[in-house]
Amino acid sequence: MCVLPLLHGCHKLPDNPNRPILPYPITIYPNTMQYYDLNFVSGWAYITSDVESTSRGILVYRYSETEFLAYDRMPPNEPDACTDSQGNTTRLVVEFPFVVDHCNNAYYNILNGQLIISDEYDMTPLFPTDGVAVFPLIQYHTQYFDGKLTISN
């Protein structure tokens with residue numbers, strides 16, 4: 001029998017079919033003025049790339065002095081559910097300590113990418129068994145060395 005804290009370990013989620021592919025690694029220097037918001041632990045920034053990709057940009061979060069987390073700004077569940085008249089689709093936004101998908105009313109933990117609540121009004125927990133939003137944020141690998149941060153698939 002599974003208990004609530006172990007629920008994630010009881011159900012293996014399928015691979016997210018919506019996962020974009022970065023054509024090659026992205027490199028930034030987070031300790032520079034260009035990325036001032038990343039100069040501090042708990043700072044975050046949106047990164048866009050000139051490279052043609054299915055990614056909607058990357059959210060970078062500084063977890064510690066030497067650790068960074070990187071997530072795609074594309075909603076992992078129903079990424080094309082909301083499109084405006086110009087064809088622009090939804091991007092995730094940071095409302096610290098959450099990463100929010102306003103189109104689908106999904107809230108994610110910025111520290112691990114896990115879905116935590118599905119509705120901003122009743123704050124009902126959302127678990128993989130209910131058939132709605134099941135995928136966590138799309139996370140990329142990060143490597144930080146000598147002041148250089150590399151983000152890749």
Side-chain angles (χ1 to χ4, degrees), residues 5-84 86-118 120 125-128 132-153:
L6 300 175
L7 183 62
H8 190 284
C10 297
H11 300 283
K12 170 97 171 90
L13 294 176
D15 289 336
N16 189 334
N18 303 314
R19 184 179 181 85
I21 303 296
L22 296 177
Y24 54 80
I26 295 170
T27 300
I28 65 168
Y29 296 86
N31 296 323
T32 62
M33 288 307 293
Q34 180 181 1
Y35 298 105
Y36 179 77
D37 292 329
L38 289 175
N39 287 194
F40 311 98
V41 173
S42 296
W44 56 271
Y46 300 128
I47 308 295
T48 56
S49 174
D50 297 333
V51 178
E52 188 66 31
S53 170
T54 54
S55 172
R56 295 193 188 152
I58 297 172
L59 159 64
V60 178
Y61 175 75
R62 189 166 200 151
Y63 185 76
S64 72
E65 282 295 317
T66 59
E67 295 176 271
F68 291 83
L69 301 171
Y71 304 108
D72 203 280
R73 290 189 65 198
M74 180 182 79
N77 300 282
E78 300 185 58
D80 299 321
C82 296
T83 304
D84 67 18
Q86 285 82 36
N88 298 316
T89 51
T90 303
R91 290 183 185 206
L92 299 172
V93 295
V94 174
E95 293 179 11
F96 197 81
F98 303 113
V99 177
V100 182
D101 173 0
H102 284 289
C103 177
N104 297 306
N105 287 327
Y107 287 66
Y108 301 86
N109 184 330
I110 198 167
L111 299 176
N112 63 17
Q114 293 300 309
L115 183 67
I116 45 178
I117 49 179
S118 64
E120 62 185 333
L126 186 64
F127 297 105
V132 185
V134 296
F135 296 114
L137 293 177
I138 297 166
Q139 187 168 5
Y140 295 110
H141 298 285
T142 59
Q143 182 178 16
Y144 182 67
F145 180 74
D146 201 24
K148 178 173 82 172
L149 176 65
T150 303
I151 302 164
S152 61
N153 287 320

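Position 1 is the first residue of the sequence, and the numbers go up from there. The figures that follow rest on heavy atoms only: side chains count, while hydrogens, waters and symmetry mates do not. In this text, all values refer to a predicted model and were calculated from it rather than measured experimentally.
For the residue pair I138 and P20, the shortest heavy atom distance occurs at CD1-CD, 3.7 Å. Among all heavy-atom pairs drawn from R56 and P79, the shortest one is NH1-O, 2.8 Å. For P17 against F135, the heavy-atom pair with the smallest separation is CD-CZ, 3.7 Å. Here the closest non-hydrogen pair linking Y140 and I151 is CB-CG2, 3.7 Å.
Of the residues L137, D72, V94, L92, the one that meets the side-chain contact (heavy atoms from CB on, under 4.5 Å) test with L59 is V94. Each of L38, N39, V60 was compared with P30 under the side-chain contact (heavy atoms from CB on, under 4.5 Å) criterion, and only L38 meets it.
Around CZ of F96, the count of heavy atoms belonging to other residues, nucleotides or ligands within 6.0 Å exceeds 12.
Taking N109 as the reference, L111, N112, I116 meet the side-chain contact (heavy atoms from CB on, under 4.5 Å) condition, with sequence neighbours excluded. Applying the side-chain hydrogen bond (donor to acceptor under 3.5 Å, both in side chains) rule to Y71 yields no partners; only residues at least two apart in sequence or on another chain are considered. Under the rule for a side-chain contact (heavy atoms from CB on, under 4.5 Å), P97 has no partner lying at least two apart in sequence or in another chain. With sequence neighbours left out, the side-chain contact (heavy atoms from CB on, under 4.5 Å) criterion links E67 to Y63, S64. Looking at residues two or more places apart in sequence or on another chain, you find a side-chain contact (heavy atoms from CB on, under 4.5 Å) between V93 and Y46, R73, E95, V100, H102. Listed by chain and number, the residues in a side-chain hydrogen bond (donor to acceptor under 3.5 Å, both in side chains) with D101 are N104 (sequence neighbours excluded).
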Apply side chain to side chain contact (heavy atoms under 4.5 Å, CB included) to S42 and Y61, showing your working.
-> CA-CA 7 Å; S42 296; Y61 175 75; 3.3 Å; yes
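The line from CZ of F68 to CG of L149 is 5.5 Å long, rounded to the nearest 0.5 Å. Interatomic distance, CD1 of I26 versus CG of N153, reported as 9.0 Å (0.5 Å rounding). The distance from atom CG of L22 to atom CD1 of I58, rounded to the nearest 0.5 Å, is 4.5 Å.
Sorted by first and then second residue, the side chain to side chain donor-acceptor pair (under 3.5 Å) pairs involving residues 25-35 (not counting sequence neighbours) are N31-R62, N31-Y144.
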